[in-house]
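Structure record follows, encoded as structure tokens.
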Amino acid sequence: MPEVENSPKRAAGFTARDMAQIAVFAALIAALGLPGAITVGFSGVPITLQTLGVILTGAILGARKGTAAVAVFIALTMIGLPLLSGGRTGLTALASPTAGYLIGWIPATLVIGLLTAMIVPKYPIVFGLLINALGGIVVIYLFGTAGLLVRTDLSPWAALSTNFAFVPGDLAKVVIATVVAKGVHRAYPGLIRA
């Protein structure tokens, strides 16, 4: 009789522990939407804390689990749960000119997670800041700007310049996420596996 392997149950390559971490971070992104949003400028792009959750998810869970957590969150909004800031659903967000920002969350998490895997377990603050800024600001802004160009009559410069008002707040989110990720990786090494 062959031996039964005593390994944790896996679903789609994720252990039960992985799935719990994915669920917790999807819930974190949802919870960061509870304070609502502040709309700045004429573009209608809201300032939310949810991008902080996206950055944290990639920086702490890595590319595989982090992207899965963001995908789970977005899937929940697509089936009608009002988890986006201001009580919006994913379908409402995709119908708006700001759809690109939401879509950009997945590649942002992927970029942050892939690059973070290269610097753990030490997680130097300077590299963490650069990685989180690249994914959490540059990638999301690129997707958001592309969405504005597709959905509005803005010129490329006008679409790009709508992001400028958000840079200080997003830089603060990058700093917070980096400090938190550094502490988490120090306390719980091995969260990101190759």
Side-chain angles (χ1 to χ4, degrees), residues 8-40 43-117 132 135-148 150-151 163 166 169-170 173-174 176-177 180-181 184 188 191-193:
K9 298 276 185 198
R10 291 185 176 264
F14 292 112
T15 65
R17 183 178 187 171
D18 292 341
M19 289 187 287
Q21 291 169 353
I22 289 166
V24 165
F25 276 81
L28 171 69
I29 297 168
L32 288 171
L34 292 175
I38 301 167
T39 302
V40 174
S43 67
V45 180
I47 294 176
T48 75
L49 292 177
Q50 288 182 306
T51 50
L52 171 61
V54 170
I55 298 167
L56 278 169
T57 300
I60 292 174
L61 294 184
R64 194 166 155 269
K65 293 186 289 183
T67 303
V70 173
V72 164
F73 173 80
I74 291 175
L76 291 172
T77 69
M78 291 302 170
I79 62 170
L81 295 178
L83 300 176
L84 291 169
S85 63
R88 296 175 305 138
T89 67
L91 295 174
T92 305
L94 287 181
S96 76
T98 62
Y101 293 96
L102 178 62
I103 293 167
W105 287 5
I106 291 177
T109 307
L110 184 63
V111 166
I112 292 168
L114 288 172
L115 294 175
T116 299
N132 292 337
I137 296 176
V138 175
V139 172
I140 292 175
Y141 285 12
L142 285 174
F143 277 82
T145 300
L148 289 172
V150 169
R151 296 283 177 92
N163 296 303
F166 304 99
D170 287 338
K173 293 175 199 175
V174 163
I176 292 166
V180 170
V184 170
Y188 301 100
L191 278 175
I192 297 178
R193 294 187 308 270

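Computed from heavy atoms alone, side chains included, the values below leave out hydrogens, waters and symmetry copies. Residue numbers start at 1 and run along the sequence shown.
- Between the OG1 atom in Thr51 and the CZ atom in Phe166 there is a gap of 10.0 Å [rounded to 0.5 Å].
- In this structure, Thr89 OG1 and Leu76 CG are separated by 12.0 Å, a value rounded to the nearest 0.5 Å.
- Ile74 has its side chain within reach of Thr77: a pair of non-hydrogen atoms, C-beta onward, lies under 4.5 Å apart.
- Phe143 CZ to Ile106 CD1: the interatomic distance, rounded to the nearest 0.5 Å, is 9.5 Å.
- Note that the CG atom of Leu49 and the CD1 atom of Ile29 stand 12.5 Å from one another [nearest 0.5 Å].
- A 4.5 Å side-chain heavy-atom check between Phe14 and Arg64 finds at least one atom pair inside the cut-off.
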Checklist line | Worked check of side-chain contact (heavy atoms from CB on, under 4.5 Å) between Thr48 and Leu32 | finding: CA-CA 8 Å; Thr48 75; Leu32 288 171; over 6 Å; no
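- Arg151 places a side-chain N or O within donor-acceptor distance of the main-chain N or O of Ser96, the cut-off being under 3.5 Å.
- Shown here for Leu83 and Gln50, the closest heavy-atom pair between the two residues is O-NE2, 2.9 Å.
- Put simply, the side chain of Asp170 does not reach to within 4.5 Å of the side chain of Ile55, judged on heavy atoms.
- Side-chain atoms of Arg88 and Leu102, non-hydrogen and from C-beta on, never get closer than 4.5 Å to each other.
- Between Ala69 and Phe25 the shortest heavy-atom distance is CB-CB, 4.1 Å.
- Put simply, the side chain of Leu94 reaches to within 4.5 Å of the side chain of Ile103, judged on heavy atoms.
- Nearest heavy-atom pair, Ala117 versus Ile192, reported as atom, atom and distance to 0.1 Å: CB-CG2, 3.7 Å.
- Ala59 and Asn132 make their closest contact through CB-OD1, 3.7 Å (heavy atoms, listed as atom of the first residue, atom of the second, distance).
- When every heavy atom of Pro82 is checked against every heavy atom of Gly87, the shortest pair comes out as CB-O, 3.1 Å.
- Using a 4.5 Å cut-off on side-chain heavy atoms (C-beta onward), Asn163 and Tyr101 make contact.
- Of the residues listed (Leu28, Ile112, Val184), the one engaging Ile60 in a side chain to side chain contact (heavy atoms under 4.5 Å, CB included) is Val184, and it is the only one.
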Note to self: Checking Met78 against Leu91 for the side-chain contact (heavy atoms from CB on, under 4.5 Å) test, could you report, in this order, the C-alpha distance in whole Å, the side-chain angles of both residues, the deciding distance, and whether it holds?
What the structure shows: CA-CA 6 Å; Met78 291 302 170; Leu91 295 174; 4.0 Å; yes
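- Closest of all the heavy-atom pairs between Phe73 and Ala26 is CD1-O, 3.6 Å.
- Expressed to the nearest 0.5 Å, how far CG of Leu115 lies from CG of Leu110 amounts to 9.0 Å.
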